[in-house]
> 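Take this structure first; my questions come after.
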Amino acid sequence: MQLNRAGLADKSAWEAKGYALPSFDYETVQKNTKENPFWVHFGVGNIFRAFQCNVVQNLLNAGVLDRGLTVAEGYDYEIIEKMNRPHDDLSILVTLKANGTVEKSVTGSIMESLALDSHDDTQFSRLKEIFAKDSLQMCTFTITEKGYNLNTPDGNFMAAVAEDMKNGPERPESYIGKVAALVYARYVSGKKPIAMVSMDNCSHNGDKLKLAITTFAKVWAKNGVVEEGFVSYTEDENKVSFPWTMIDKITPRPDASIEALLQKDDIEGLDPVITSKNTYVAPFVNAEETEYLVIEDKFPNGRPELEKGGLIFTTRETVDKVEKMKVCTCLNPLHTALAVFGCLLDYNLISAEMKNETLVKLVEGIGYKEGLPVVVNPGILDPKEFIDTVLNVRVPNPFMPDTPQRIATDTSQKLAIRFGETIKAYAASPELNVSDIKLIPLVFAGWLRYLMAIDDNGNEFTLSPDPMLDEVRPYVADIKLGDSFDADAKLKDILSNAKIFGVNLYEAGLAELTCQYFTEMTRKPGAVMETLQKYVG
């Protein structure tokens with residue numbers, strides 16, 4: 001059995017192994033898509049293949065849609081060359097359910113895949129042709145939050161962006177420069193409307209995309225390399241909209257255990273590829289079954305009935321409430337707490353941590369006791385039910401190969417939004433008291449203890465990537481387990497850093513408690529667990 005169009009011709013072989021296959025007329029759908037594309041997606045990553053591709057496939061199978069997806073990859077062209085094309089844009093989705101069952105399906109909703117390469121005349125011209133089509137309704141993105149950034153830390157444009165700003169939309173080098181060039185092609189073709197929809201997991205994602213695109217438009221117009229009207233076109237939401245979205249689905253890196261499961265089905269060519277840009281990509285994705293995609297319903301060129309595939313369309317205000325519910329209270333803070341302590345306590349799976357009674361009590365306390373009181377119910381999803389699903393179904397799922405080490409990545413960038421917003425909400429409430437927050441400072445202290453890169457057994461471990469490691473590690477680098485030290489003196493500068501914690505912990509009244517917890521966690525090997533047991537209950 002081979003994962004390509006010819007290999008799918010033997011349907012009975014696949015179905016005998018338990019695979020659900022595309023049931024729509026591929027040739028007709030591909031013809032319709034190429035002639036009248038309606039959805040272009042940038043970023044051919046795991047969450048896109050596990051979520052959006054599957055939604056579209058289900059709607060194609062049900063006859064709700066008669067066209068599929070066009071995808072473009074603008075960061076690592078080798079993904080298209082070495083994974084999409086050899087497999088005829090097919091991939092395998094392995095859904096890992098908490099009850100121990102596995103669902104396997106072949107996803108075939110991608111009808112055309114292209115490299116967003118301005119130096120490849122054929123592919124870039126094809127993308128411009130697609131963006132000029134009246135039928136195009138939406139352009140979506142999963143390129144990570146940093147994909148929308150145009151600037152270096154000092155505030156200047158990145159080198160490639162600066163060159164693109166000067167040279168115009170003919171052959172841009174930067175990711176957003178290339179996208180802006182395609183939007184300009186749509187403008188030139190008749191100022192046609194389109195929705196530009198970030199589906200990345202970051203707050204107010206539509207605004208980040210809008211700022212990037214409109215910045216290009218303004219500088220290009222100022223430099224005289226595009227028509228002046230391009231600026232007003234990108235700023236007119238009746239022409240170009242930038243809806244906010246909230247996405248939630250856990251799709252860990254393709255796991256070797258899942259590859260072994262598929263190989264037992266005699267499927268050939270499942271080897272993953274590591275590209276020259278160090279992107280790890282496989283012809284399969286493994287994912288949980290729970291998924292949410294909430295979208296601001298602002299589509300100036302219309303949209304298909306994607307709600308029939310489970311997507312939720314609503315107002316911007318409701319998207320904001322859902323996003324805050326998830327990121328600030330009901331999921332992300334719990335994940336971060338498990339990530340930090342999972343690394344310290346030598347866990348390799350998030351699910352395994354949920355067998356530790358103390359860690360379960362910790363995340364239950366952060367979610368139900370400290371978080372829920374400040375959550376604004378968005379109406380379309382119930383916050384308590386959301387946490388129930390996280391703690392009872394999603395995180396404990398033993399078949400999800402997600403690791404604390406992966407989730408601990410970039411923790412310095414996450415603490416402010418995942419915990420700081422809760423502290424601010426307590427401070428602003430006449431009915432709540434910040435001094436009642438006892439567990440969030442435990443996570444802060446745990447993170448500082450994590451930065452020592454010594455686990456609770458006293459062994460060294462490797463910290464996950466984080467852009468602020470060089471800045472924050474020196475605060476704890478010279479502390480050894482069992483040392484006697486003044487935590488306040490050592491940590492004052494970092495605990496007062498509102499950029500990291502969302503608030504100045506001294507001004508919030510939580511610095512003393514954080515120092516106390518940190519001191520106790522560093523007394524000896526085993527002190528992290530002892531401290532958790534002491535204060536979690």
Side-chain angles (χ1 to χ4, degrees), residues 1-5 7-8 11 13-24 26 29 39 41 43-62 64-65 68-69 71 73 79-80 83-111 113 140 142 199 201 247-273 279-293 306 308-311 393-394 397 399-402:
M1 291 163 57
Q2 293 187 334
L3 185 64
N4 51 38
R5 294 288 168 188
L8 285 195
K11 290 180 62 176
W14 286 88
E15 291 172 347
K17 299 286 186 178
Y19 289 82
L21 301 180
S23 61
F24 55 86
Y26 173 76
V29 170
W39 182 348
H41 183 85
V44 194
N46 292 333
I47 193 166
F48 166 70
R49 293 195 292 151
F51 197 167
Q52 291 93 331
C53 282
N54 192 48
V55 167
V56 171
Q57 167 135 318
N58 290 337
L59 293 176
L60 285 167
N61 287 342
V64 175
L65 293 177
L69 290 156
V71 300
E73 174 56 43
I79 296 174
I80 299 295
M83 191 55 60
N84 281 68
R85 301 243 168 97
H87 296 289
D88 295 334
D89 290 322
L90 297 169
S91 65
I92 294 172
L93 170 60
V94 181
T95 303
L96 308 167
K97 297 192 171 186
N99 64 6
T101 61
V102 171
E103 285 186 358
K104 301 176 293 186
S105 61
V106 176
T107 309
S109 55
I110 296 174
M111 297 294 125
S113 57
T140 60
T142 50
M199 293 181 173
N201 184 17
I247 191 167
D248 184 17
K249 186 178 180 73
I250 299 173
T251 53
R253 170 172 160 159
D255 191 76
S257 65
I258 306 304
E259 181 181 350
L261 181 150
L262 300 178
Q263 285 175 338
K264 289 180 181 177
D265 293 335
D266 298 322
I267 302 174
E268 301 174 20
L270 290 178
D271 293 339
V273 169
T279 304
Y280 181 100
V281 61
F284 64 92
V285 288
N286 37 243
E288 65 171 341
E289 60 182 312
T290 305
E291 59 190 23
Y292 306 93
L293 181 48
L306 298 177
K308 291 184 177 179
L311 307 191
V393 178
R394 303 179 68 185
N397 185 341
F399 305 98
M400 282 295 295
D402 212 359

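FYI, side chains are in, hydrogens and waters are out, and symmetry mates aren't considered; it's all heavy atoms of this structure.
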> Rounded to the nearest 0.5 Å, how far does CG of D89 lie from CG of L3?
10.5 Å
> What pair of heavy atoms forms the shortest contact from F48 to V44, and how long is it?
CD2-CA, 4.2 Å
> Using 0.5 Å steps for rounding, measure from the CZ atom of F284 to the CG atom of N46.
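Those atoms lie 9.0 Å apart.
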> Calculate, to the nearest 0.5 Å, the distance between atoms CD1 and CD belonging to I110 and Q57 respectively.
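These two atoms lie 10.0 Å from each other.
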> With side-chain contact (heavy atoms from CB on, under 4.5 Å) as the test, would you mind laying out the steps for I247 and E291 before giving the verdict?
CA-CA 8 Å; I247 191 167; E291 59 190 23; over 6 Å; no
> With side chains defined as the heavy atoms from C-beta onward, is the minimum distance between I47 and N201 less than 4.5 Å?
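I47 does not reach N201 side chain to side chain.
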> Are any non-hydrogen side-chain atoms of K249 and L293 less than 4.5 angstrom apart?
no
> Can you tell me how far the CZ atom of R85 sits from the CG atom of N4, to the nearest 0.5 Å?
15.5 Å
> Between L59 and V55, does a side-chain contact (heavy atoms from CB on, under 4.5 Å) hold up when you go through it step by step?
CA-CA 6 Å; L59 293 176; V55 167; 4.2 Å; yes
> If you count the non-hydrogen atoms of other residues, nucleotides and ligands that lie under 6.0 Å from NZ in K11, is the total more than 12?
no
> Please report the shortest heavy-atom distance between P283 and L270, naming the atom on each side.
CD-O, 3.5 Å
> Name all residues meeting the side chain to side chain donor-acceptor pair (under 3.5 Å) criterion together with Y26; count only those two or more places apart in sequence or in a different chain, and write none if there are none.
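Scan of Y26 (side chain to side chain donor-acceptor pair (under 3.5 Å), adjacent residues dropped) gives Q30.
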> Provide the closest heavy-atom pair for Y19 versus V106 in the form atom of the first, atom of the second, distance.
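Reported closest heavy-atom pair: CD2-CG2, 4.3 Å.
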> Would you say the side chain of M111 lies within less than 4.5 Å of the side chain of V29, judging by non-hydrogen atoms?
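V29 reaches M111 side chain to side chain.
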> For T140, what residues pass the side chain to side chain contact (heavy atoms under 4.5 Å, CB included) criterion, not counting sequence neighbours?
W39, H41, M138, V197, M199
> Distance from I92 atom CD1 to N286 atom CG, nearest 0.5 Å?
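Reported to 0.5 Å precision, the distance equals 11.5 Å.
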> Quick check against the 3.5 Å criterion: does E289 have a side-chain atom that pairs as donor or acceptor with the backbone of K97?
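Checking the backbone N and O of K97 against the side chain of E289, no donor-acceptor pair under 3.5 Å is found.
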> Donor-acceptor pair, distance only, cut-off 3.5 Å: does the side chain of D265 make one with the backbone of I267?
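Checking the backbone N and O of I267 against the side chain of D265, no donor-acceptor pair under 3.5 Å is found.
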> For the CZ atom of F51 and the CD1 atom of I250, what is their distance to the nearest 0.5 Å?
12.5 Å
> Any donor-acceptor pair under 3.5 Å linking the side chain of D255 with the backbone of S257?
yes
> Okay, side chain of W14, backbone of G7: is any donor-acceptor separation there less than 3.5 Å?
yes
> Considering only heavy atoms from C-beta outward, does the side chain of S113 approach that of I79 to under 4.5 Å?
no
> If we only count heavy atoms from C-beta on, is the M400 to P252 side-chain gap below 4.5 Å?
yes
> Looking at every non-hydrogen atom in both residues, tell me the closest pair between Q52 and L69 and how far apart they are.
O-CD1, 4.3 Å
> Applying side-chain contact (heavy atoms from CB on, under 4.5 Å) to R394 and D248, what does each step give before you reach the verdict?
CA-CA 11 Å; R394 303 179 68 185; D248 184 17; 2.7 Å; yes
> Side-chain contact, heavy-atom cut-off 4.5 Å: L96 with V102?
yes
> With side-chain contact (heavy atoms from CB on, under 4.5 Å) as the criterion, how do L93 and R49 come out once you've worked through the C-alpha distance, each side chain's angles and the decisive distance to 0.1 Å?
CA-CA 8 Å; L93 170 60; R49 293 195 292 151; over 6 Å; no
> Between T142 (side chain) and G43 (backbone), is there a donor-acceptor pair under 3.5 Å?
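Between the backbone of G43 and the side chain of T142 there is a qualifying donor-acceptor contact (under 3.5 Å).
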> Answer yes or no: is there a donor N or O on one side and an acceptor on the other, between the side chain of K104 and the main chain of L262, under 3.5 Å?
no
> Between S109 and C53 (side chain of the first, backbone of the second, donor and acceptor by atom type, cut-off under 3.5 Å), is there such a pair?
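Yes; at least one donor-acceptor contact below 3.5 Å.
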> What are the two closest heavy atoms between T251 and A287, and how far apart are they?
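Result for this residue pair: CG2-CB, 3.6 Å.
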